[in-house]
Amino acid sequence: MQSESQIPIAASRRRRFAVSLALFYSAVFAVSGTHLPFFPVWLKAIGIDAAWIGLINALPAITRFTTLPQVTAFAEKRQAIRAAMMVSVLATAIGFTAVGLQQQPLALFLIYALTCMMWTPTMPLTDAYALRGVARYGLDYGPLRLWGSAAFAAGSLACGYLIDSIAARDLIWIIVAWAVVAVAASLLLQPLDDLRRKTTERHAGKALLRDAGFWAIIVSAALIQGSHVAYYTFSAINWQLHGISGLTIAGLWTLGVIAEIVVFALSPRFSLHPSTMIAIGGLSAVVRWIVTANEPPLALLAIVQLGHGFTFGMTIVGTMNLLVQRVPPHQIARGQGYYAACNGLLGATTSIASGAIYARIGDGLYYVMAAMAAGGALLIWSARHRLKAQPQSEASGG
């Protein structure tokens, strides 16, 4: 039984873990909040054409299914998830600095590829670290994760404000600055107790990949999240062509993130099965992309942006809850790596294709995204009975 003197210590450790993780999530997502909407704008500003922009923006997704799974599996095997997070953000800051010094497409492509090899594992590693902490300290994932979304909104707004007052060619240095903040935040991360090693660890990955329920989760989520590629890559460019200012673009992105934050904050109260949450996210994406494809007026576009709470927020909450149920704790980083790899494979394919499709049909690209989201919703709905069955036990090794 825990003594009275131990209770305050446990509460203090719990609080330090939550605060340090919230700060790290905030810094990492501030990088994304500037990178996702405005990195393509920077590429365009330095003279990169649409085809190259599609290829370059596919790199994060490509590394998610090539190098990322190896990084997460290695970090988990070495019980070095926290250390891997710290190395990842340091390499990211250095990499983006080097990217900012390039203007030739091929050189930029190669340096950005190296940067992405270290950058893309950050989120799966952070989510794995967070889910281990959730289990260790009895916390909820959503309220921790919402600080990242809030920082994403803040970073996007700040960058949107600056884009109207600084040269678009200088946007890369805002991304670099936030990456340096992430390095500082990583130094505050709290160590977690090591999970005991399993005798089945050698075959854990193969066993996990033989689970049809696990595949249903990661493929359906990847289809729905992959349907956001057109939005991430071309929305800022397209809205600028329609005369929308940089600050308004940032505001539109922020509306979506605010809705996402609300979903994360309320997630502990959700009573729906996680598979139903993912299906709702997919169907919401279908509606969102169809409306966006029809060039809605600004007021309607603002309303549609609030759907991000469902298309992204509801989908990720359902996905994380299902992964926690389906994947044993000692394999959670590996599971996150496989999920990110599946996301990356579909995302890379979609990003490469989207450049060519957008060049031909413009906003019609969103109809393709709607079809992807519909496929994800259909897959998870068809697998719902399997996912409601008894998940794998930890003793089974996956």
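Keep in mind that this is a model prediction, so the values were computed, not measured. FYI, the numbering just counts along the sequence from 1.
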Going only through I, L, V, M, F, W and Y residues with side-chain contacts under 4.5 Å, is there a path from [X] to [Y]?
X: M86; Y: M123; result: no
X: V291; Y: L255; result: no
X: L187; Y: V31; result: no
X: W173; Y: V41; result: yes
X: I244; Y: I237; result: yes

Is there side-chain contact between [X] and [Y], with at least one heavy-atom pair below 4.5 Å?
X: I249; Y: Q240; answer: yes
X: Y231; Y: T292; answer: no
X: R384; Y: T276; answer: no
X: I172; Y: F38; answer: no
X: P40; Y: N57; answer: yes
X: R334; Y: T72; answer: no
X: L68; Y: P124; answer: yes
X: F214; Y: L323; answer: yes

Might you work through the side chain to side chain contact (heavy atoms under 4.5 Å, CB included) test for V317 and R145, ending with a clear yes or no?
-> CA-CA 10 Å; V317 169; R145 173 63 172 71; over 6 Å; no
If you take all heavy atoms of [X] and [Y], which pair is closest and at what distance?
X: L139; Y: V134; result: O-CG1, 2.9 Å
X: P274; Y: L322; result: CB-CG, 3.4 Å
X: A27; Y: A185; result: CB-CB, 4.1 Å
X: L125; Y: A84; result: CD1-CB, 3.7 Å
X: I218; Y: C342; result: O-SG, 3.7 Å
X: I290; Y: A370; result: CG1-CB, 4.0 Å

Rounded distance (nearest 0.5 Å) linking atom [atom1] of [X] with atom [atom2] of [Y]:
X: M118; Y: L90; atom1: CE; atom2: CG; result: 8.5 Å
X: I332; Y: Q336; atom1: CD1; atom2: CD; result: 5.5 Å
X: Y25; Y: Y129; atom1: OH; atom2: OH; result: 10.5 Å
X: L55; Y: D49; atom1: CG; atom2: CG; result: 9.0 Å
X: I357; Y: L365; atom1: CD1; atom2: CG; result: 5.5 Å
X: I261; Y: L146; atom1: CD1; atom2: CG; result: 6.5 Å

Quick one: ring pair (Phe, Tyr, Trp, His ring centres under 6.0 Å) partners of [X], sequence neighbours excluded?
X: Y141; value: none
X: F234; value: Y358
X: F270; value: none

Using a cut-off of 6.0 Å, state whether more than 12 heavy atoms not belonging to [X] lie near its atom [atom1].
X: W147; atom1: CH2; result: no
X: W215; atom1: CH2; result: no
X: F310; atom1: CZ; result: no

For R288, which residues count as a salt bridge (Lys or Arg N to Asp or Glu O under 4.0 Å) partner, sequence neighbours excluded?
->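 Per chain and number, R288 pairs via salt bridge (Lys or Arg N to Asp or Glu O under 4.0 Å) with no residue.
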Pairs meeting criterion side chain to side chain donor-acceptor pair (under 3.5 Å) with involvement of residues 359-381, two or more places apart |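 For residues 359-381: N238-D363, N294-Y367.
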Pick out which of V181, V89, L23, T92 makes a side chain to side chain contact (heavy atoms under 4.5 Å, CB included) with V28.
->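 Looking at V181, V89, L23, T92, the match for V28 under the side chain to side chain contact (heavy atoms under 4.5 Å, CB included) is V89.
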Would you check if the side chain of [X] reaches a backbone N or O of [Y] as a donor-acceptor pair within less than 3.5 Å?
X: Q305; Y: L252; result: yes
X: Q190; Y: L188; result: yes
X: S88; Y: M85; result: no
X: E76; Y: A333; result: yes
X: T349; Y: L345; result: yes

Describe, in one word, how the ring planes of Y112 and W119 are oriented to each other, choosing from parallel (under 30°), tilted (30 to 60°) and perpendicular (over 60°).
-> tilted
Can you say whether the rings of H228 and F312 are parallel (under 30°), tilted (30 to 60°) or perpendicular (over 60°)?
-> perpendicular
Might you work through the side chain to side chain contact (heavy atoms under 4.5 Å, CB included) test for E260 and I316, ending with a clear yes or no?
-> CA-CA 10 Å; E260 174 188 322; I316 197 170; over 6 Å; no
Compile the donor-acceptor pairs under 3.5 Å between side chains in residues 93-108 and protein atoms, sequence neighbours left out, one pair per line.
from	atom 1	to	atom 2	distance (Å)
T97	OG1	A93	O	2.8
Q103	OE1	R169	NH2	3.4

Could you walk me through whether S245 and T248 pass side-chain hydrogen bond (donor to acceptor under 3.5 Å, both in side chains), step by step?
-> CA-CA 5 Å; S245 70; T248 302; 2.9 Å; yes
Carefully, step by step, assess T34 and L171 under the rule side chain to side chain contact (heavy atoms under 4.5 Å, CB included).
-> CA-CA 8 Å; T34 53; L171 287 172; over 6 Å; no
Could you walk me through whether Q225 and Y339 pass the side chain to side chain contact (heavy atoms under 4.5 Å, CB included) test, one step at a time?
-> CA-CA 11 Å; Q225 300 293 14; Y339 166 54; 4.0 Å; yes
